[in-house]
Amino acid sequence: MGGLYAGASLAPFESFISLLGSLLPAAGGSVFAEFFVVKPYLDGIKDPKQRFKLEAGKEYPEVNLVGLLSFSIGAIVGIFVPIGIAAINAILTAFAAHLLLAYIFKKAHMKYEFGKYVYRGGGGVVR
């Protein structure tokens with residue numbers, strides 16, 4: 001009888017893992033676009049080691065609106081588009097959406113990074 005209960009408890013976990021399989025690739029697509037295209041070509045930071053280098057005492061934005069929007073678009077495609085492989089659809093859609101949105105925001109001279117935090121070094125955050 002214990003096997004019946006153990007097997008029944010896996011259904012919610014399987015649903016959760018399937019949801020993560022559709023959501024997490026969208027986050028990767030957004031990060032790939034920011035690191036490999038936006039920073040070097042739109043922001044002009046060619047050195048990969050300087051693109052997201054944390055320096056003590058320096059201010060960084062807390063929220064990247066383009067990242068959130070492209071993640072959301074990629075996640076929606078990954079969950080609801082029944083054609084192809086969901087993870088690949090999510091990665092490619094988030095990547096393309098991130099590039100398009102970043103280009104539009106930069107050409108319109110609109111700020112898409114909000115908030116600020118100061119990196120203290122060693123993982124601490126000062127507000």
Side-chain angles (χ1 to χ4, degrees):
M1 202 55 147
L4 175 67
Y5 294 121
S9 67
L10 287 179
F13 180 68
E14 290 172 350
S15 298
F16 174 69
I17 293 299
S18 294
L19 181 65
L20 284 181
S22 296
L23 293 179
L24 292 180
S30 183
V31 171
F32 293 158
E34 184 75 19
F35 186 82
F36 290 109
V37 180
V38 173
K39 290 292 183 188
Y41 297 106
L42 295 180
D43 292 345
I45 305 172
K46 298 294 184 189
D47 183 12
K49 293 180 182 177
Q50 299 299 320
R51 291 181 194 157
F52 289 100
K53 184 177 181 182
L54 294 176
E55 297 173 0
K58 188 174 176 183
E59 290 183 2
Y60 296 93
E62 288 182 322
V63 178
N64 182 326
L65 184 60
V66 168
L68 290 175
L69 291 173
S70 63
F71 166 76
S72 300
I73 293 167
I76 288 169
V77 168
I79 292 169
F80 293 111
V81 172
I83 300 168
I85 300 170
I88 293 174
N89 293 346
I91 289 172
L92 295 177
T93 303
F95 186 90
H98 194 96
L99 294 181
L100 180 66
L101 291 170
Y103 181 78
I104 290 170
F105 273 78
K106 288 192 183 288
K107 286 298 178 185
H109 302 288
M110 294 173 61
K111 184 178 177 185
Y112 64 85
E113 294 178 321
F114 302 100
K116 72 172 188 168
Y117 69 87
V118 178
Y119 180 68
R120 284 193 296 181
V125 173
V126 176
R127 296 199 187 267

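- Residues Val66 and Ala102 share a closest heavy-atom pair of CG1-N, 3.8 Å.
- Put simply, Leu92 and Val77 are part of two different groups of oily side chains (I, L, V, M, F, W, Y) that touch within less than 4.5 Å, one to the next.
- Residues Phe80 and Leu23 fall within the same hydrophobic cluster, defined by Ile, Leu, Val, Met, Phe, Trp and Tyr side chains chained together at heavy-atom separations under 4.5 Å.
- Enclosure of atom CZ in Phe105 by more than 12 non-hydrogen atoms of other residues, nucleotides or ligands within 6.0 angstrom is indicated.
- No path of Ile, Leu, Val, Met, Phe, Trp and Tyr side chains, each step under 4.5 Å between heavy atoms, connects Tyr60 with Phe114, placing them in separate hydrophobic clusters.
- The cluster map of Ile, Leu, Val, Met, Phe, Trp and Tyr, joined by side-chain heavy atoms under 4.5 Å apart, puts Leu24 and Phe13 in the same cluster.
- Residues Tyr103 and Leu99 are not in side-chain contact: their nearest non-hydrogen atoms beyond the backbone lie 4.5 Å or more apart.
- A salt bridge (Lys or Arg N to Asp or Glu O under 4.0 Å) check over residues 11-23, counting only residues at least two apart or in different chains, returns nothing.
- Taking the side chain as every heavy atom from C-beta outward, Lys106 and Val38 approach each other to under 4.5 Å.
- Side-chain contact check for Tyr41 versus Lys46: some heavy-atom pair is nearer than 4.5 Å.
- In this structure, CG on Asn64 lies 10.0 Å from CG on Leu101, to the nearest 0.5 angstrom.
- In this structure, Asn89 CG and Ile76 CD1 are separated by 14.0 Å, a value rounded to the nearest 0.5 Å.
- A 4.5 Å side-chain heavy-atom check between Asp47 and Lys53 finds every atom pair outside the cut-off.
- Counting non-hydrogen atoms of neighbouring residues, nucleotides and ligands closer than 6.0 angstrom, the OH atom of Tyr112 exceeds 12 such neighbours.
- Taking hydrophobic clusters as Ile, Leu, Val, Met, Phe, Trp and Tyr residues chained together by side-chain heavy-atom distances below 4.5 Å, Leu42 does not share a cluster with Val31.
- With hydrogens and angles disregarded, no donor-acceptor distance shorter than 3.5 Å links the side chain of Thr93 to the backbone of Ala90.
- Across every non-hydrogen atom of Ala26 and Ala94, the tightest pair is O-CB, 3.2 Å.
- Of all non-hydrogen atoms in Ser70 and Ser30, the two that sit nearest each other are OG-OG, 3.0 Å.
- Put simply, OH on Tyr119 and NZ on Lys58 are 12.5 Å apart, with the number rounded to the nearest 0.5 Å.
- In this structure, the separation between CD on Gln50 and NZ on Lys39 is 12.0 Å, given to the nearest 0.5 Å.
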Legend entry - CA sep, side-chain torsions, deciding dist, call: Ile79, Leu19, side-chain contact (heavy atoms from CB on, under 4.5 Å): CA-CA 7 Å; Ile79 292 169; Leu19 181 65; 3.9 Å; yes

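- Environment of CG in Leu68: crowded, with over 12 heavy atoms of neighbouring residues, nucleotides or ligands closer than 6.0 Å.
- Closest approach of Gly78 and Ser22 over heavy atoms only: O-OG, 3.5 Å.
- At most 12 non-hydrogen atoms from other residues, nucleotides or ligands lie less than 6.0 angstrom from NZ of Lys107.
- What you find for Ala87 and Gly21 is that their closest heavy atoms are CB-O, 4.0 Å.
- No more than 12 heavy-atom neighbours from other residues, nucleotides or ligands sit within 6.0 angstrom of CZ on Phe16.
- The aromatic rings of Phe35 and Phe52 lie parallel to each other, their planes meeting at an angle below 30°, with 60° marking the opposite boundary.
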